[in-house]
Structures are given as structure tokens and as C-alpha cells.
2 protein chains.
Amino acid sequence: MAEVERISKRGAIRQENEARILSAAEKVFAEAGFGGATMQLIADMAGLPKANLHYYFATKEELYRKVVQQIFEIWLHAADSFDDAPGPVEAIGAYIDAKMEISRRHPFGSKVWASEVMHGAPVIQDYLETTLREWTGGRAKLIQKWIDEGKMASIDPRHLLYMLWATTQHYADFGHQIETLNGGKPLSDRQWKEAKESVRSIILRGIGAL
Amino acid sequence: MAEVERISKRGAIRQENEARILSAAEKVFAEAGFGGATMQLIADMAGLPKANLHYYFATKEELYRKVVQQIFEIWLHAADSFDDAPGPVEAIGAYIDAKMEISRRHPFGSKVWASEVMHGAPVIQDYLETTLREWTGGRAKLIQKWIDEGKMASIDPRHLLYMLWATTQHYADFGHQIETLNGGKPLSDRQWKEAKESVRSIILRGIGAL
DNA sequence: TCGCTTCCTGACCATATGGTCAAGGTTGAG
DNA sequence: CTCAACCTTGACCATATGGTCAGGAAGCGA
């Protein structure tokens with residue numbers, strides 16, 4: 001900290017405050033939705049005066065866009081596990097693992113993402129049509145290859161992907177429901193592990209890869 | 001219509017307008033979220049002056065609550081299929097069918113429900129803690145019975161239920177994403193059928209019930 | 001120290017929104 | 001026909017909110 005300040009307080013301040021704001025914004029957007037979130041609330045949560053937010057992020061939309069882009073990066077990154085794997089068991093197993101971990105570590109971001117898509121993707125429609133479409137197409141082909149090679153049953157690759165997304169994301173988006181059904185307590189380490197295992201085993205067996 | 005009016009225009013008007021408003025509200029809440037929805041927008045969509053909404057529904061909260069309750073009823077009703085079935089194949093198959101149909105027929109309601117839960121269930125928390133908790137507990141026991149009877153593999157019943165909810169609801173909540181990945185077109189009849197089949201076969205095989 | 005850039009913030013503004021109200025219209029039982 | 005209950009709605013209000021701005025503080029290279 002002291003060192004950073006000595007070297008360059010300029011950049012450090014900006015970085016620190018932007019991160020602080022983005023983190024607060026993520027939480028507020030997740031809990032209140034875009035329409036329900038207020039700059040004042042975000043400012044309070046970030047511990048900064050409201051006018052200061054507007055110094056770093058001109059408008060609410062801009063701030064929101066940054067938050068969404070941030071989670072999309074993480075989201076896409078989880079896909080890396082998919083690529084360098086010999087077959088469906090390793091690839092899909094690792095993917096489930098990665099996405100479950102995202103649900104656990106970034107519940108707010110996940111909710112913001114879900115909210116964004118549910119509302120018709122007003123700010124990331126172009127990503128859906130470019131990056132995501134490509135990604136999906138590529139993975140679908142890969143899955144089809146595995147099917148052709150007899151490594152798994154004949155399943156529509158698209159619907160398998162949807163299922164992976166749905167199931168893993170559910171633990172973030174509907175975390176409150178799950179928590180309520182869990183006696184009002186968040187899932188423990190053990191329970192998270194069980195969740196992962198359940199998802200993994202049902203899906204891998206379900207596609208005939210085990 | 002004419003008959004209804006002749007019999008009792010009083011009750012008919014109320015019923016007609018409330019239904020009109022609820023339908024418009026469902027759509028607007030789904031597309032904009034609670035915070036983003038405005039009474040004016042709902043009024044316009046219902047074809048009524050804003051002041052008229054407040055005649056039937058005192059506050060935005062009250063209107064919202066009605067919308068959420070409405071979808072919760074439908075949601076619970078889909079569970080009927082679960083009860084009078086001899087084993088997991090029939091029960092879960094029928095449940096998937098029913099829930100997929102809800103996602104297709106009531107995409108707005110599904111989104112409102114998802115949004116409500118994602119935001120911490122501010123208005124239906126009590127339902128979650130009573131009705132839903134009971135329902136879930138009952139089904140979990142039933143599933144456990146099937147496991148004990150050797151009708152399916154040993155899977156944590158809770159996580160199986162979560163998976164069913166997640167997967168089926170995904171087709172409503174993330175319908176926009178799916179549509180985008182489908183070339184910008186809504187799923188056709190055939191594609192919906194394929195979706196159902198995919199979900200059904202993966203899950204039923206996944207739990208070792210086939 | 002000087003001067004330039006970056007950062008900070010209280011006060012302020014225009015607008016949008018949930019909600020109210022009073023006056024007037026419609027319906028149907030007696 | 002009458003009257004009370006029900007329905008309709010334009011105008012209005014208080015408030016909350018996104019965004020602005022001017023003036024000042026802090027950092028930093030020279």
C-alpha cells in the first residue's frame with residue numbers, strides 16, 4: 001500500500017476507487033436490479049459521495065455496462081477448461097466445476113448477468129450475437145465430435161449446454177431459495193461439494209459418458 | 001361477452017379490468033423488473049388511465065404481489081403430476097413436461113418469479129418458508145423412497161429438484177439468450193419438443209431410472 | 001515553490017414517478 | 001325514476017433520483 005502510493009498515487013487512487021465502486025455496484029445491481037438500484041445507494045456502499053461516482057462513471061448506464069462486461073469475462077474464462085480435454089468426462093466435469101465455483105464466488109455478478117439477459121440483454125446483445133454465438137457454435141461442434149466418436153450418447157449439443165448453464169447458474173441466481181430450503185443457512189463447504197457431485201454425476205451419466 | 005354483461009356488468013367490469021391490468025403488469029415487471037416498471041407503462045399497456053390502476057390496486061407493491069402470487073399458484077400446480085405416479089420415470093417425466101410447458105406458456109410470469117427470488121424474495125419469503133418448504137420436503141421423501149426401492153440411483157433428492165427447476169425454468173428466464181443463439185428466432189414447436197426430450201432423457205438417464 | 005493535472009464534494013436542478021383527489025359518469029335494485 | 005354504490009379520469013402534489021457544476025484540495029513533475 002505505502003509502496004504503491006509512493007510510486008504513483010495517481011493511478012492507484014483511480015484504480016482503487018473504480019474497483020470499490022464496481023464492487024458496490026455489482027452488489028446493488030444484483031440486489032435491486034438496474035431500475036431499483038440508485039447511485040446514492042451504490043455511493044453509500046462504496047463509502048464515497050455520490051458526486052464522486054459520476055467523476056469515475058459518467059452515467060448509471062456506463063457503470064452498469066462495466067459491471068456486466070466484468071462478469072461476462074469471468075463467465076467466458078470458465079470455458080477454458082472445456083478446450084484442452086480429451087473427452088466429455090474431463091471437459092464437462094471441469095466446466096461444471098468452474099461454473100459452480102463462479103456461482104459460489106461471484107453470486108452478485110451471476111445475478112446481474114441473469115437479470116441482464118432476462119430483461120432482453122439491452123446492453124450486451126452484441127456480445128451474445130458475436131462472442132457467445134461463436135463460443136457456443138465451437139463447443140457444439142466439439143460435443144458433436146465426441147458423439148460421433150462414441151464417447152457419449154447422441155444428445156443435442158445445444159440443449160446440453162443450456163442444461164449446464166442452467167444448472168450451475170441456478171446455485172447463484174436462486175441461492176436465496178436454496179438457502180431458505182436449507183433451513184435459512186448458506187450451503188456449507190460439504191454441501192457445495194455435494195451439489196457439484198450431484199450435478200456432475202447426473203449430467204455425465206445422463207449423456208452416457210460414464 | 002354480451003351475456004356476461006347482461007347478467008352482471010358490475011362484477012364483469014372489475015374482473016375484466018383486473019385481469020387486463022395483471023396481464024399488463026406481468027409483462028412490464030418481467031421486462032423491466034420491479035424497480036424499472038412504472039405504473040404509467042403498465043397503464044398504457046393495459047389501455048387504461050393510470051389513475052384507474054390505483055382504483056383497482058392501491059399501490060405498485062400490491063399489484064406486484066398479486067402478479068407473483070398468481071405465478072406461484074401455477075408453479076405449485078405443476079407439481080400435481082408428481083404425486084399420482086408409480087415411479088420416477090413417470091413422475092419426473094411428467095413434471096419436466098409440465099414445467100417446460102409453463103416456461104413456454106408463461107415466460108413473463110416465470111421471469112417475475114425468478115426476479116423475485118433473485119432479489120431475496122421480499123414479498124414471498126413466507127411462501128418459501130411454508131408452502132414451498134413443505135412441498136420440497138414431501139417430494140424429497142418420495143424420491144428417497146424410490147431410491148430405497150431401487151427404482152433409481154442414489155442421488156441427493158434436493159439437488160435433483162434444484163436441477164429440475166433450474167433446467168426447465170432456464171427456457172423461460174434465459175429465453176432471450178436461447179433465441180439469440182437460435183438465429184434470433186423463437187424455438188419452433190419441433191425445437192420445444194426436442195428441448196423437452198433432451199432434458200427428459202438426460203435427467204432420467206442421469207438418475208439411473210431408465 | 002510553481003503550475004498543471006487529477007481528484008473531491010456540497011449544493012443545486014430538471015424530471016420522472018407513485019400516489020391523491022374531487023368531480024363526473026354508469027349501473028342496477030327497488 | 002331515484003339513489004346509492006361502483007367506476008372513470010384529468011389535474012395535481014410531494015418526493016426521489018440521475019446528473020451538473022463550481023470551487024477547492026491533493027498530488028506531482030520541474
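Every chain is numbered from 1 and lettered A, B, ... according to where its sequence line falls, protein lines coming before strand lines. Since the model is a prediction, treat every value here as computed from it, not as a measurement.
- Look at CD on B:Gln40: it is 13 Å from P on C:dG19, rounded to the nearest Å.
- Both B:Leu48 and A:His54 sit near DNA chain D, but only B:Leu48 has its closest nucleotide nearer the 5' end.
- In this structure, A:Phe57 atom CZ and D:dG18 atom P are separated by 15 Å, rounded to whole Å.
- Among C:dG19, D:dC21, D:dG10, the nucleotide with an atom closest to any side-chain atom of B:Ala51 is D:dG10.
- Here B:Arg14 reaches the OP1 or OP2 of D:dC7: one of its side-chain N or O atoms lies under 4.0 Å away.
- Within the 4.0 angstrom heavy-atom criterion, only backbone atoms of the sugar-phosphate kind lie near B:Tyr56; the bases stay farther away.
- Taking each heavy atom of B:Ala121 and B:Leu128 in turn, the nearest pair found is CB-CD1, 3.7 Å.
- In the set C:dG19, D:dG18, C:dC7, D:dG18 carries the atom at the smallest distance from any side-chain atom of A:Met39.
- On a pure distance criterion of 3.5 Å, a polar donor-acceptor pair joins the side chain of B:Lys50 and the base of C:dG19.
- For the pair B:Asn17 and A:Ala58, nearest-nucleotide mapping onto DNA chain D gives the more 5' position to B:Asn17.
- Per the geometry, CG belonging to A:Leu53 stands 15 Å off C1' belonging to C:dG10, to the nearest Å.
- Shortest non-hydrogen contact noted between B:Asp173 and B:Gln169 is OD2-CG, 2.8 Å.
- Distance CG (B:Asn52) to P (C:dC21): 17 Å, rounded to an integer number of Å.
- OP1 or OP2 of C:dC7 sits under 4.0 Å from a side-chain N or O of A:Tyr55.
- In this structure, A:Lys60 atom NZ and D:dA16 atom P are separated by 16 Å, rounded to whole Å.
- Separation of atoms NZ (B:Lys99) and CG (B:Leu164) is listed at 9.0 Å; rounding is to 0.5 Å.
- To the nearest angstrom, C1' of D:dG27 lies 16 Å from CD of A:Glu16.
- Under 4.0 Å is where a charged nitrogen must lie from a carboxylate oxygen, and between B:Lys196 and B:Glu101 at least one such pair does.
- Nucleic acid contact class of A:Ala37 (heavy atoms, under 4.0 Å, all strands): sugar-phosphate only.
- Regarding A:Phe34, its CZ atom lies at a distance of 14 Å from the P atom of D:dT17, rounded to whole Å.
- Using cut-offs of 30° and 60° on the angle between ring planes, the pair A:Trp165 and A:Trp135 is tilted.
- For B:Gln15 and D:dC6, the CD to P distance is 16 Å, given to the nearest whole Å.
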